[in-house]
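Working notes, beginning with the structure itself.
Everything numeric here is computed off the predicted structure, so don't read it as measured data. Chain A is the first sequence line, chain B the second, and so forth, proteins listed ahead of strands; every chain is numbered from 1.
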Amino acid sequence: MINLLYFARLREELDCADEALEYTPELGTVADLVAVLRARGGSWSEVFDEGETVMVAVNQEMGGIDSPLADGDEVAFFPPVTGG
Amino acid sequence: MINLLYFARLREELDCADEALEYTPELGTVADLVAVLRARGGSWSEVFDEGETVMVAVNQEMGGIDSPLADGDEVAFFPPVTGG
Amino acid sequence: MNKISVQSEPFDLAAIQDALRCESPAIGAVVTFLGQMRDINEGEAVTTLTLEHYPGMTEKALQAILDEADQRWDLMGIQVVHRVGPLKPLDPIVLVAVASAHRGEAFQACEFIIDYLKTRAPFWKKEQTPEGERWVDARVADDRAEQRWRR
Amino acid sequence: MNKISVQSEPFDLAAIQDALRCESPAIGAVVTFLGQMRDINEGEAVTTLTLEHYPGMTEKALQAILDEADQRWDLMGIQVVHRVGPLKPLDPIVLVAVASAHRGEAFQACEFIIDYLKTRAPFWKKEQTPEGERWVDARVADDRAEQRWRR
């Protein structure tokens, strides 16, 4: 499984805070995962549109589109951070 | 009159915190005043030796060797400051 | 000693600074940054600010920033406190306090930490205004501030 | 509002910062520098530090520094407190707190003020060590720090 988390504006637009996704070897990188999510259509294709700035963390460390994925990973998507 | 003040190490070395000096037109600048003080000899010539770093304030504003003097001025001599 | 706290409760500015500065009589300088809620942003009145974060990752991201500051400068203690949840104008949001023997390093490290926190720690602000709610957009100025420290 | 105080009594760090930051809900950042007495200087133990100053000129010199900071940056209040008289290790010596809408200006102005204070305000430190008393020499590092701001 891959544990997916969504924060802030993304959580609201997707109406989803977290979900568990079946892991398959095709999910080699974050890019593969984003393609799966975008293919869901509706708000998913909007949020993960190529023109949108979405940040990703893999196992609670900042990652990128090329970050490799493995079974059991925690992957979080969120907008650029605005704390401080 | 010119009111003279000495601070910190200078005050201790001269054993003098303040004094009033008769104003004369020959005291055109701080340099003229320093020449008078240096001519006193002893610790005065040491403290105001050319090799020593002495700071001066005229009427409570940082000045220099060329600062003009006038009757009634307050002139203070002190070592480089070390607050903060 | 470094300490990180992410909390919904208010924090005691004086207690944190005193604990930090009294850790060692070799400390000569403490530089503190306090960020607080403004009642206006981009020209609009803001009545409430709500801070969301990513529990677990937040602490790790802050720890990584503090570790990097400790590598770059000779520091004698760092305290970071960040509020989450609803805040009102004048409420403190974040505190970064850095102790060092001399002031130059404390100033640099404190500014470095808040610059990095603003672009790398997973916090998000939502504003309540008379026109409704809105998520705060990341500021380009914060990206630029962070990039100064790259090497 | 700017405020300067030269005093022999201890000061209340929290009260000063709170008074400053609560002056306006348009304030977003408060940067504070606290300098405190170290128990060792140039390798020697220091038991007491005595601060002498030039009453009258001190306040004017500090005011001139604050006026220049206000000209250079868009600030929303500055508080400077400097102790005089005898101090013990861990005693706060000086506090510089600067409020602004955004942090960049508050950081720069705070560092500018302490850098200038160290070379332009008439304070002198005398240290009591086991070997006797000695006047502290001006640090070349402080001159260099001040020169960064020349323009």
Side-chain angles (χ1 to χ4, degrees), chain A residues 1-21 23 29-30 33-34 37 42-84, chain C residues 6 33-38 41-42 49-65 80-85 87 92-96 110-127 132-143 145-146:
Chain A
M1 304 295 274
I2 295 208
N3 294 304
L4 287 173
L5 302 172
Y6 307 96
F7 288 99
R9 186 171 45 72
L10 265 65
R11 174 175 42 72
E12 289 188 355
E13 289 178 6
L14 298 171
D15 196 21
C16 179
D18 57 272
E19 61 176 315
L21 199 76
Y23 176 77
T29 66
V30 168
L33 174 59
V34 166
L37 298 174
S43 59
W44 295 88
S45 58
E46 283 167 28
V47 161
F48 290 102
D49 186 83
E50 306 244 350
E52 294 297 310
T53 302
V54 174
M55 296 180 80
V56 65
V58 178
N59 297 326
Q60 306 192 347
E61 299 224 345
M62 289 291 188
I65 200 77
D66 297 328
S67 297
L69 295 182
D71 199 8
D73 279 351
E74 175 175 304
V75 180
F77 291 103
F78 43 80
V81 304
T82 55
Chain C
V6 180
F33 169 78
L34 179 75
Q36 69 180 15
M37 189 190 152
R38 301 170 68 217
N41 191 22
E42 289 172 15
L49 184 70
T50 305
L51 262 295
E52 177 176 333
H53 78 124
Y54 179 175
M57 177 171 170
T58 313
E59 292 79 1
K60 283 183 197 172
L62 293 175
Q63 188 59 56
I65 295 168
V80 175
V81 187
H82 203 297
R83 296 277 304 274
V84 291
L87 299 174
I93 302 170
V94 60
L95 173 77
V96 178
C110 187
E111 196 166 11
F112 168 89
I113 291 165
I114 186 63
D115 283 352
Y116 266 51
L117 185 156
K118 290 233 174 206
T119 57
R120 299 193 173 194
F123 293 101
W124 301 274
K125 284 177 180 150
K126 187 185 221 176
E127 295 175 339
E133 293 190 332
R134 64 179 183 192
W135 289 98
V136 175
D137 280 334
R139 293 179 70 221
V140 175
D142 287 328
D143 285 332
E146 194 237 53

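- Using a 4.5 Å cut-off between heavy atoms, A121(C) contacts chain A through its backbone alone, with no side-chain atom that close.
- Proximity to chain A is limited to the side chain of K60(C), based on heavy atoms less than 4.5 angstrom apart.
- For the set E12(A), M62(A), E61(A), M55(A), the count of heavy-atom pairs under 4.5 angstrom toward chain C peaks at E12(A).
- The choice from V84(C), D143(C), V136(C) that makes the most heavy-atom pairs within less than 4.5 Å of chain A is V136(C).
- Using a 4.5 Å heavy-atom cutoff, the side chains of R9(A) and W124(C) are not in contact.
- Heavy-atom pairs under 4.5 Å with chain C peak, among P80(A), A57(A), A8(A), A76(A), at A8(A).
- The contact between D137(C) and chain A is made entirely by backbone atoms, counting heavy-atom distances below 4.5 Å.
- When the options L5(A), V47(A), V34(A) are evaluated for a side chain to side chain contact (heavy atoms under 4.5 Å, CB included) with F77(A), the one that passes is V34(A).
- Checked against ring-ring contact (aromatic ring centres under 6.0 Å, His included), W44(A) has the following partners two or more places apart in sequence or in another chain: Y6(A).
- The closest side-chain heavy-atom distance from T58(C) to H82(C) is not below 4.5 Å.
- Considering only heavy atoms from C-beta on, I65(A) stays 4.5 Å or farther from T29(A) through its side chain.
- In this structure, the portions of K125(C) lying under 4.5 Å from any heavy atom of chain A include both its backbone and its side chain.
- Contact annotation: the side chain of L33(A) approaches that of L4(A) to within less than 4.5 Å [non-hydrogen atoms, C-beta and beyond].
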